Student: 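Right, I'll just put the structure down here and ask away after.
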Amino acid sequence: MSFIAKPKITHPGLPRNSIGLTLRDYEGSMSTLCAGCGHDSVSSAIMQAYFELSIEPHRVAKVSGIGCSSKTPTYFLGGAHGFNSVHGRMPSIATGANAANRELQYIGVSGDGDSLSIGLGQFSHAIRRNVNMMYVLENNGVYGLTKGQFSASADKGSKAKKGEANSYSPIDPVLLAMSLGCTFVGRSFSGDKDNLVPLLKSAISHSGFALIDVISPCVTFNDHEGSTKSYAHTREHMLETVYADYVGEHEEIIAQVKPGEYRQVMMHDGSRVGLRHIDENYDPTDRIAAISYIEKHRAEGAVVTGLLYVEEGSEEMHTTLGSAPGAMSEIPYEKLNPGAEALKRIQGRWR
Amino acid sequence: MSAKTRVNDFVIKLANVNGTGSASSNGLLMKSIFRMGIPVVGKNFFPSNIQGLPTWYEIRVTKDGYTCRTGTTDLMVAMNAETYSADLAELRPGGVLLYDSTWPRKDLQERGDVTVLGIPLSGMCNEAFESARAKVLMKNVAYVGALVALLDIEMDVVENLLNETFSAKPHLMDANMQAIRMGYDYAIQNFSCPLDMRLQRMDKTDGYVMVDGNTTAGLGSVYAGATVVSWYPITPSTSLIDSYSIFCKQLRVEEDKSGNKINNYCVIQAEDELAAIGMVLGANWNGARAFTSTSGPGISLMSEFLGLAYYAEIPAVIFDVQRVGPSTGMPTRTQQCDITSAAYASHGDTRHVLLFPSDPTECFEMALNAFDLAERLQAPVIVLSDLDIGMNDWMIPEIQWDESYQPDRGKVYDADTLKDMEKFYRYLDVDGDAIPWRTLPGVDAKGAYFVRGSGHNRYGGYTEKSDEYKDVLDRLRRKSDTAATLVPRPVFEPGVDVGAEKGWAVLSIGSCHGAIVEARDRLAGEKISFDYMRVKGFPFHQSVSEFIEKYDRVFVVEQNRDAQLRQLLVNEFDINPAQLVPLLSYDGMPVGSDFIVEAIKAELQLQGAATAG
Ligand SMILES: Cc1ncc(C[n+]2csc(CCOP(=O)(O)OP(=O)(O)O)c2C)c(N)n1
Ligand code: SF4
Ligand SMILES: [Mg+2]
């Protein structure tokens, strides 16, 4: 494996976004993942989302842990800085980076191994702090990079490639996050770009911690008959509950309203997210009801997807800390240095 | 004055029960002496407990301004019945023991060679004060009153200090003064005051302050321009973060246009030390000066990330306020036991930059050094303080601020430079000093690169090619050589000429310094003299090995069992290990001059060279 730069060919006819960039400007280097890996589809949805939102790539910072999933930030947004950290510790890198500069967009990419076993603590605490970031958990039920051991998200009874069944009950990142007070929770499927792209866009415009759990099958170790994280199983058991229509600040809402209620949620940056409740009994702003809905369907074997919970007016970490606006890293030294007079005054108390 | 009179040169030890409010009384006593112009050293020996276990405070009155312990006790204030016998035993012959005689203790009269003075402190306070809390607290204030009489402390000084403390609470002022007078009057009426050991005003504390190293390290970090802190509570490092936070609340809060308070700093209490160091790396990567503070157990947990910071070249500042290990060890006792684990923290070939402060002055200075070096070298810098420096009360010259100081932010390409550049590569040795240039997120797409702990080449790309991997690893080794030239130089102090040849010398580190300085003076009186070098940074400067080579033997003084500084010297330099003789103090108490004097003498005797030196 090596670092493969993708040749950049710009076709004059390619559509451009409002800052004049084409989708190609959101690409990274060539993926080295297995052909057909769900993670590659997630990467392309991520590129699409940033492109559609007309965010300058260099204003995004990408962070990840360790795993096949955590490798993917190299494969999108080549113009953005990236930080591939250590296994399970991406949330702390993201938190510190965000503390230093609240003005960038943060995307964290992780796997179910990275987030739910070794990194469960950091994952939980980043949620508690409501760090302003989008956290994409590419969930395949296995440790891909270490060759297919069950992860903590594997369902009880789900079968490994060689046939043995998983005997432990799973940790569902969506339910865990909701119980921790996560302010934006969504679930999607790597094979459903129509659902995933607007969900990503909504998450990006959320102020606070936005978790997206993406079922992202591992074609090499967990895509067989008997696995509950395979393409086939996911397609069959997906239960689309709330569909997110991302609506820009100045855009008109042209939503094709399906059966069920339609409502809008105002995002921090002035944009709106239209929520089509495919199941009319579902209220994505009612945390308790949402939890029991998801729990109930999980017990029936269904994978509930969509924008499952959002807290309007959520207070992100810096608001709680009372931080100055702007980036800590850009405060001029003159402002940070209390000077000789202050030092004299302080030491007066040490006599 | 009789021949037995000892003025301004003795050790008072106060034995208390943890949680009874003795700290403020003992502080009052020490400050009073300091304000009489007499140099003092304050050492706190406290338990890992909130309430109930024994605790001692030791005040050394030292007219010559030494900064260490001696190892002896001249005056014991025994307020803890549980430790009476041990406290009595510790007293030097001819010493004085003061105790609460509300409950007479015959066994305290057992030593014929000390003077035992009993004051019914509890009895007096039970009568004089109403609340249960006051009865306990005022007992401690009352013994300070007795000492005012016994040691000839100036009453005005005590009264002024109390006034400053209780300016907002006059009723507390009255109660405290009442307790002081009670103790004072009792001593005047019952004993012959003052004792042979006594105080007399000097002018040796002008321009000095009393402070601990965690306070100055925290303050130094404010002055260094640090804006992001992440930490996890652990003794003895917590007060460093408290210091930073308190000074930020005083100095770094502004009001915005609508009158809201806004903070020009960000302190995050992490979920553990792994997260603490992770946040520090994230923030430094993103261009802020960020740090954490911890102790040995935290360094163990931070190791994986320290290796990443070393390999991916991310600045970070870590204060390690060392305590006794291994494992949880004795959390409230001091040692220098993280030297090797910090130097080579993490798996793989690593070598970290370390700074070794010896007192609170250097904690301030080295806080600034640490941030400058971390950004200059793009590497973690670990400041190895210890509990003795960090939490005890030191007399230091008032810290002067150099207004011309500007932080060294190291090699960072800005937006303009990037715009004019053809292409940016992260790990090129452009300048030949093995330090590459970096870029910050958010500045320009041209500067974008991917930080990774996995194999990478000089361009910043992923690699599994042997030669590309080695290329980077070898440059990192060379960067370590550059670091050796940038860390603070060792301090060399030649011994006085006693007419003997210099066959041996002393090499030491950090908080051993005070004890070595006093030992040197004491040994000079016995015609034993030595050259002395104190290392202040790692990787070691070349002058350290040049120093060692000059002598047949070098005594390496340090506070751990395994001679970790010596290990590091043997490991880093091509020297004969037999040349380095370890002198080790590792009982958890700050090393005193007695130990050094005796250890050196024993060693010289052993080697049959009692006069050479
Ligand atoms: C401290 C540490 N322990 C173990 C590993 C080995 N390791 C690498 S990736 C991985 C699991 C990754 O699983 P997941 O996050 O689900 O990613 P996936 O490959 O499935 O996308 C493990 C255990 C490591 N890199 N670091
Ligand atoms: S092993 Fe699985 S997760 Fe990893 S790249 Fe291949 S398909 Fe994807
Ligand atoms: Mg996985």
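Values reported hereafter were calculated over all heavy atoms of this structure, with side chains retained and with hydrogens, waters and symmetry mates removed. Every value quoted in this text rests on a predicted model; they were computed, and no experiment measured them. To find a chain, count down the sequence lines: A is the first, B the second, and so on, and within it residues start at 1.
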Student: Would you name the heavy atoms of I93(A) and G278(B) that are closest together and state the gap between them?
Tutor: CD1-O, 3.4 Å
Student: For Y232(B), does the OH atom sit with more than 12 other heavy atoms under 6.0 Å from it, leaving out its own atoms?
Tutor: no
Student: Calculate, to the nearest 0.5 Å, the distance between atoms CG and OG1 belonging to L336(A) and T227(B) respectively.
Tutor: 6.5 Å
Student: Side chain, backbone, both or neither: which part of P57(A) has a heavy atom under 4.5 Å from chain B?
Tutor: neither
Student: If I measure from the heavy atoms of chain B, does V63(A) come under 4.5 Å with its side chain, its backbone, both, or neither?
Tutor: side chain
Student: Would you mind checking which part of Y449(B) comes under 4.5 Å of any heavy atom in chain A, side chain (CB onward), backbone (N, CA, C, O), both or neither?
Tutor: both
Student: Examine whether an atom of P73(A) lies under 4.5 Å from a heavy atom of chain B, and if so say whether it belongs to the side chain, the backbone or both; otherwise answer neither.
Tutor: both
Student: Given that the side chain runs from C-beta out, which part of E398(B) has a heavy atom under 4.5 Å from chain A: side chain, backbone, both or neither?
Tutor: both
Student: Report the option among A342(A), S329(A), A61(A) that has the most heavy-atom pairs separated by less than 4.5 Å from atoms of chain B.
Tutor: S329(A)
Student: Between atom OG of S64(A) and atom CZ of R452(B), what is the distance when rounded to the nearest 0.5 Å?
Tutor: 9.5 Å
Student: Can you find a heavy atom in the side chain of V222(B) that is under 4.5 Å from one in the side chain of P338(A)?
Tutor: yes
Student: Got a second to check how far S92(A)'s OG is from E273(B)'s CD, nearest 0.5 Å?
Tutor: 12.5 Å
Student: Would you check if the side chain of Q347(A) reaches a backbone N or O of I399(B) as a donor-acceptor pair within less than 3.5 Å?
Tutor: yes
Student: Which atoms of A80(A) are under 4.5 Å from chain B, going by heavy atoms: the side chain, the backbone, both sets, or neither?
Tutor: backbone
Student: Any heavy-atom pair between the side chains of L219(B) and I346(A) that's under 4.5 Å?
Tutor: yes
Student: Quick one, W350(A) with D212(B), criterion side chain to side chain contact (heavy atoms under 4.5 Å, CB included). Give me CA distance, side-chain angles, the key distance, then yes/no.
Tutor: CA-CA 10 Å; W350(A) 300 346; D212(B) 63 73; over 6 Å; no
Student: What pair of heavy atoms forms the shortest contact from N84(A) to S454(B), and how long is it?
Tutor: OD1-OG, 4.4 Å
Student: Closest heavy-atom contact between Y333(A) and P407(B)?
Tutor: CD2-CD, 3.4 Å
Student: Contact part of I331(A) toward chain B, heavy-atom cut-off under 4.5 Å: side chain, backbone, both or neither?
Tutor: side chain
Student: On a heavy-atom basis, which atom in F305(B) and which in S85(A) lie closest, and how many Å separate them?
Tutor: CE2-CB, 4.3 Å
Student: Less than 4.5 Å apart, side chain to side chain, heavy atoms only: is that true for Y462(B) and T74(A)?
Tutor: no
Student: Around atom CD of E341(A), are there more than 12 heavy atoms from other residues, nucleotides or ligands closer than 6.0 Å?
Tutor: no
Student: Is it the case that over 12 heavy atoms from other parts of the model lie below 6.0 angstrom from the CZ atom of F424(B)?
Tutor: yes
Student: Can you find a heavy atom in the side chain of L343(A) that is under 4.5 Å from one in the side chain of F364(B)?
Tutor: yes
Student: Counting only N and O atoms by type, is there a donor-acceptor contact under 3.5 Å from the side chain of H81(A) to the main-chain atoms of F450(B)?
Tutor: no
Student: Chain B heavy atoms under 4.5 Å from Q105(A): which part of the residue, side chain, backbone, both or neither?
Tutor: neither
Student: Checking L104(A) against chain B: side chain, backbone, both or neither under 4.5 Å from a heavy atom?
Tutor: side chain
Student: Any chance you could measure L161(B), atom CG, to R351(A), atom CZ, to the nearest 0.5 Å?
Tutor: 13.0 Å
Student: Would one find more than 12 heavy atoms of other residues, nucleotides or ligands at under 6.0 Å from atom CZ of R59(A)?
Tutor: yes
Student: Tell me, do H318(A) and I262(B) make a side-chain contact under 4.5 Å, heavy atoms counted?
Tutor: no
Student: Does any part of the side chain of V443(B), heavy atoms only, come nearer than 4.5 Å to the side chain of H58(A), both counted from C-beta?
Tutor: no
Student: Given the rule in the side chain to side chain contact (heavy atoms under 4.5 Å, CB included) test, do R289(B) and M328(A) qualify, once you have shown the distances and angles that lead to the verdict?
Tutor: CA-CA 9 Å; R289(B) 284 194 153 185; M328(A) 290 286 159; over 6 Å; no
Student: If only atom types and distance count, is the side chain of N286(B) paired as donor or acceptor with the main-chain N or O of A97(A) below 3.5 Å?
Tutor: yes
Student: Measuring heavy-atom distances to chain B, does R102(A) have an atom under 4.5 Å in its side chain, in its backbone, in both, or in neither?
Tutor: neither
Student: Can you tell me how far apart CE (M279(B)) and NE2 (H125(A)) are? Round to the nearest 0.5 Å.
Tutor: 9.0 Å
Student: What pair of heavy atoms forms the shortest contact from L281(B) to F83(A), and how long is it?
Tutor: O-CE1, 4.4 Å
Student: Assess whether side chain to side chain contact (heavy atoms under 4.5 Å, CB included) is satisfied between N337(A) and Y405(B), documenting all intermediate values.
Tutor: CA-CA 10 Å; N337(A) 168 17; Y405(B) 172 80; 5.9 Å; no
Student: Is there side-chain contact between Y265(B) and L321(A), with at least one heavy-atom pair below 4.5 Å?
Tutor: no
Student: Specify which of K62(A), R349(A), E103(A) makes the most heavy-atom pairs with chain B at under 4.5 Å.
Tutor: R349(A)
Student: At a heavy-atom distance under 4.5 Å, which candidate from Q250(B), Q400(B), K261(B) has the highest pair count against chain A?
Tutor: Q250(B)
Student: Under 4.5 Å heavy-atom distance to chain B, tell me which part of M317(A) shows up: side chain, backbone, both or neither.
Tutor: side chain
Student: Is E271(B) salt-bridged to R129(A), going by a charged N under 4.0 Å from an acidic O?
Tutor: yes
Student: Give a yes or no on whether the backbone of G339(A) and the side-chain of Y223(B) come within a donor-acceptor separation of less than 3.5 Å.
Tutor: yes
Student: By a 4.5 Å heavy-atom criterion (distance strictly below it), what part of L77(A) contacts chain B: side chain, backbone, both, or neither?
Tutor: neither
